[in-house]
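Just so you know, these numbers use all the heavy atoms, side chains as well, and skip hydrogens, waters and symmetry mates.
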Amino acid sequence: MADSGRPRPADPDAAESRTASPLAGKKRAQQSPGLRSKYQSSAPGHCFKKVTLTKPTFCHSCSDFIWGIIGFLCEVCNFMCHEKCLKTLRKVCSSMTPSLVQVPVAHCFGPAGQKKRFCCVCRKQTEGSTALRCEVCELHVHADCAIFTCADCRSCQLDGILEQDTYHHHWREGNLASAARCEVCRRSCGSSDVLAGMRCEWCGITSHAACYLGMPAECTLGRLRCMLLHPACVRLDSRNFSKMHCYRIAESCSHELDNSDDADLSAAAAPASKDGQPAASESGKQFLKVFDGDDAVKRGFFRLVSITKNEEVVEAALRAFYLPDDPQDFELHEIGGPQRLHSDDILNRNGSPDNRNSLKDGGDSWLLRAKPRVTEVIKVYTDWPKSGVAFISVSVSDSSTTSSVLAEVLSKLDRQEEDLSKFSLLEVCMSSKQVQRQTLTPQEKLRDKLREIRKVSLRQMNQTRFYIVENKNRAVRVELLIGGLPPLLTTEKYTQLIEEHLAIKSHLVTISNFYLNQGAVVLQISCFAEAERIYMLTKDTSINNKTLTSLVIPAITNTLGADVCPLLVFVNPKSGGLKGRELLYGFRKLLNPHQVFDIMNGSPLAGLHTFREVPRFRVLVCGGDGTVGWVLGVLEAVRHKLTCREPPIGIVPLGTGNDLARILRWGPGYSGEDPYHILVSVYEADEILMDRWTILLDAQDVSEDGKENDFLEPPKIVQMNNYFGLGIDAELSLDFHLAREDEPDKFTSRFHNKGVYVKVGLQKISHTRSLHKELQLHVDGQEVPLPNIEGLIFLNIPSWGSGADLWGSEVDSRYEKPSIDDGLLEVVGVTGVVHMGQVQSGFRSGIRIAQGNYIRLTLRKPIPVQVDGEPWIQPPGHIIISAAGPKVRMLRKSKQKQKKSSANMRDGHSDSPSSRDGH
């Protein structure tokens, strides 16, 4: 037995070889009379045995309960099923997963969430801090199982190397909700008890493992296709960049997988007793350390293989490494000694204790090696999808070279008349973390190459493919967004800074875009090596004590359908506790990850620059009011560079107050709503206009008679969306802001944040300030006398302080009814903390003072001010508030009940893909 603290898998190739050749199975039975009987299935790789069930068990194929005490368990991947399901089984074993890959795409592993999931390798439940998940697809694995996965993530872009002209369903097994139903037979196919059922990770349809192959292969991208960025419209030359870099995922997310790659897995590879020690003495089993190649020996990566008297050592070792090969082709070598153990050396085969002890006495570290072969067959895959052939099988010998293999492949494809020099043989290693490609030289010996790969790692050999590719002289184009530069410099100064600190090569690098307000430039690079050098160098470069940032930017081609309006998503993962991070993951999984941006990793500029040539799109901002204002501010600054200059903006409220989200009907705060339903709501939302206001802060030393003296600081301009406050309101916001800066880790929930607001409010309850003596107010050119108040607030929206109606609903003929697009600001006063509490409780409203579109304030003393929740102390001087150019388009959630079927978005199902995943 072998493997990781869970029931160990067995050799997948044993079943495959017996299924393929009855004679081989007969010969094998003669060699190994003590082997237990096996059961064949129609799916490759599995090695089933009949087991007695001692607890309630569900079938992994049909997800139904297994009645009785007999089940059939795959010794390789722990697949459990009914006897009747063996005949209809279509899901291949985990060891055969590399054979199903259409286009190799690496995964982006990060720490898993807290929800119940099942490992896609060993099929056992993931738990604890060592569980991992792909940030792009629904792959969940244990940390020690991650290295046995292959590069079978979603293909979200074109990279100019291995591409596809039609997009098929991308099936992922398991982790469906129990309510999921099969698209073919309409019966339940999900389960919360086992890894069962199949789901397309693009369109979200679900099916039984026995039904999904009967569905049409091509995927229509499902109900969200109207807002999804089609992979064929995204091009990214990413040869030297990992998927973490391409999707702008924080690199810290991959640390757990990096550590697991180099870890000593002995503790996890064997069953443990209560004291944590291997339980060999309890069961009478013996354990061996088995390495699968020189690389594993070098890194200390081994699997513990437990041996029973009726099992072959080599077969158990292959099971431990999920290798679908014939045990007859392998042998074990003792590390540090000449002893070899062949597959026909069965432990205790004749009841003699000498055979068993010889292995134990010879040492417990063994190296799994492939036996020398006279000839072997390799599969050569085609990189042109329309060829109609997935791969060509070619027999290679010691004399076979790359050129001879290419010639044979072209001959079998009826393209033998074409020039051989126009083609190359590409070696592709499909490891789970990164797809590595290497072009073989024409005279390279294929047998030597295969021996070299097997010598390094048998597991790597199982994940290696060969492709025949046409040589193309495509121009390389890599775009890097360099941020963190000093803002508001000249283009010449930016060019000088880039050349000085990054030492760019002018014949390979050009600066295509300057974003002066954001202190960012875009580099267009025509060499992979130079792009990688600049990317890595940027992260170690600082200017004015500020570290530069670098992001890989994809190119979106203008081939979107007329009915497609892609959604650009910004998520602030620091808002709403951990809910921001879960939303980031949920949207990456439902949409193309190239349209989902972590706003803390590159600011909104990265997303807006990526979408600069998209003719029309919508924006979804997941964060608080401050995050929404940040996006609106950057949008205003770069609007002139966008093809779609006024994209409408929706909100997922993750902040504390969320006043703008409230009046747009997105709710007072995010409470775990299904990300899929959020996207449907965004699609059905109505577009409305909203005013934005510019505030000019001109700090001057103003005397008592109102005369201006010297400037105290340079004038500055800020944008206002919700409200602008002076006095007690801003003072409470400032105290809260300072408390959050001192202990940011404590401010992770709206409940705690509001509690702090109450605390600072109680501390100011006896505070008095005669605000009418400290400032002078002019509205539309007319001076407005102020009553005795402690706070003055200018409202653009009818929501303040977490949903309070400060203006009030009373009808007054002196004022117009407030609206977010009426071009007017409402001026309201509050008399103190008690008055503010009464307003937020709904008992009172504020003191109406004025309504207008041009405000001028004169401050005689320093006063706390706040704009949309961002507070500071404003020195004496003048403040001017005026309309900020064109109104912005916002998305207001529709009042109509969401329809289960939408003619423009429906694709044969109405269930939420996210809900099927258990969200």
Side-chain angles (χ1 to χ4, degrees), residues 16-17 20-21 44 92 96 98-105 150-152 155 157-168 217-218 231-232 235 237 239 324-326 329 370 372-430 435-454 460-476 528:
E16 187 180 36
S17 62
S21 174
V92 302
M96 301 294 294
S99 65
L100 302 180
V101 175
Q102 298 181 17
V103 176
V105 179
C150 63
D152 62 344
S155 178
Q157 69 201 38
L158 302 179
D159 63 1
I161 303 178
L162 302 177
E163 300 177 352
Q164 55 193 104
D165 56 351
T166 59
Y167 281 80
H168 294 172
E218 188 170 355
R235 179 166 292 278
D237 294 327
R239 187 181 68 179
D325 297 295
D326 191 342
D329 295 332
R373 309 177 188 184
V374 178
T375 60
E376 54 186 307
V377 176
I378 65 170
K379 295 177 180 179
V380 180
Y381 290 76
T382 61
D383 79 323
W384 49 88
K386 294 182 179 180
S387 64
V389 180
F391 61 85
I392 300 294
S393 297
V394 179
S395 178
V396 295
S397 61
D398 288 336
S399 60
S400 299
T401 63
T402 299
S403 297
S404 65
V405 169
L406 287 175
E408 184 174 350
V409 172
L410 290 175
S411 176
K412 291 185 177 181
L413 291 172
D414 295 328
R415 301 180 64 170
Q416 61 270 23
E417 303 298 329
E418 299 191 35
D419 187 359
L420 195 63
S421 63
K422 294 182 179 180
F423 298 89
S424 298
L425 192 63
L426 190 66
E427 174 196 344
V428 179
C429 179
M430 305 182 298
V435 177
Q436 298 175 333
R437 302 179 176 94
Q438 178 184 357
T439 302
L440 304 184
T441 60
Q443 300 306 316
E444 189 163 357
K445 296 294 185 67
L446 263 297
R447 287 295 303 280
D448 293 342
K449 187 66 180 178
L450 296 177
R451 292 191 192 102
E452 177 187 341
I453 299 174
R454 289 193 179 102
Q460 179 179 329
M461 184 69 241
N462 188 41
Q463 297 176 345
T464 297
R465 275 186 182 179
F466 295 95
Y467 281 85
I468 179 172
V469 297
E470 296 186 65
N471 298 328
K472 303 175 184 178
N473 294 322
R474 280 188 65 250
V476 176
F528 284 120

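The environment of K422 atom NZ is sparse: at most 12 non-hydrogen atoms of other residues, nucleotides or ligands sit within 6.0 angstrom.
The OG atom of S155 lies 12.0 Å from the NE2 atom of H168; values are rounded to the nearest 0.5 Å. Here the straight-line distance linking atom CE of M461 with atom SG of C429 works out to 9.5 Å at 0.5 Å rounding. Within the model, atoms OG of S397 and CZ of R447 stand 7.5 Å from one another, a figure rounded to the nearest 0.5 Å. Taken from OG1 in T464 to NZ in K449, the straight-line distance is 9.0 Å, to the nearest 0.5 Å. For the atom pair CD1 of I468 and OG1 of T402, the computed distance is 11.0 Å after rounding to the nearest 0.5 Å.
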_Residues V394, F466; criterion side chain to side chain contact (heavy atoms under 4.5 Å, CB included); working and verdict_ = CA-CA 11 Å; V394 179; F466 295 95; over 6 Å; no
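The two atoms that bring L413 and I392 nearest to each other are CD2-CD1, 3.9 Å, heavy atoms only. Taking all atoms of both residues into account, the shortest heavy-atom contact from N471 to S421 is ND2-O, 2.9 Å. Taking all atoms of both residues into account, the shortest heavy-atom contact from S403 to L420 is O-CD2, 3.7 Å. Of all heavy-atom pairs spanning N462 and P324, the tightest one is OD1-CD, 3.5 Å. In plain terms, the two heavy atoms of A151 and V101 that are nearest each other are O-CG1, 3.6 Å. When every heavy atom of R465 is checked against every heavy atom of P98, the shortest pair comes out as NH2-O, 3.1 Å.
Paired with R373 under the rule side chain to side chain contact (heavy atoms under 4.5 Å, CB included), one option of D329, V396, L450 passes, and it is D329.
Counting heavy atoms from C-beta outward, V380 and L425 have side chains that approach closer than 4.5 Å. With contacts defined as side-chain heavy-atom distances shorter than 4.5 Å, the pair F423/E418 qualifies. Counting heavy atoms from C-beta outward, V105 and V435 have side chains that stay 4.5 Å or more apart. Here the side chains of V428 and Y381 are not in contact, with every heavy-atom distance at 4.5 Å or above. For the pair E427/I453, a side-chain contact is recorded, criterion being any heavy-atom separation below 4.5 Å from C-beta on. Considering only heavy atoms from C-beta on, Q157 stays 4.5 Å or farther from P231 through its side chain.
Residues passing the salt bridge (Lys or Arg N to Asp or Glu O under 4.0 Å) test with K445: none are found, sequence neighbours excluded.
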Under 3.5 Å, which donor-acceptor pairs do the side chains of residues 404-411 form with other protein atoms, sequence neighbours left out?
unit_1 : atom_1 : unit_2 : atom_2 : d
S404   : OG     : T401   : N      : 2.9
S404   : OG     : T401   : O      : 2.8

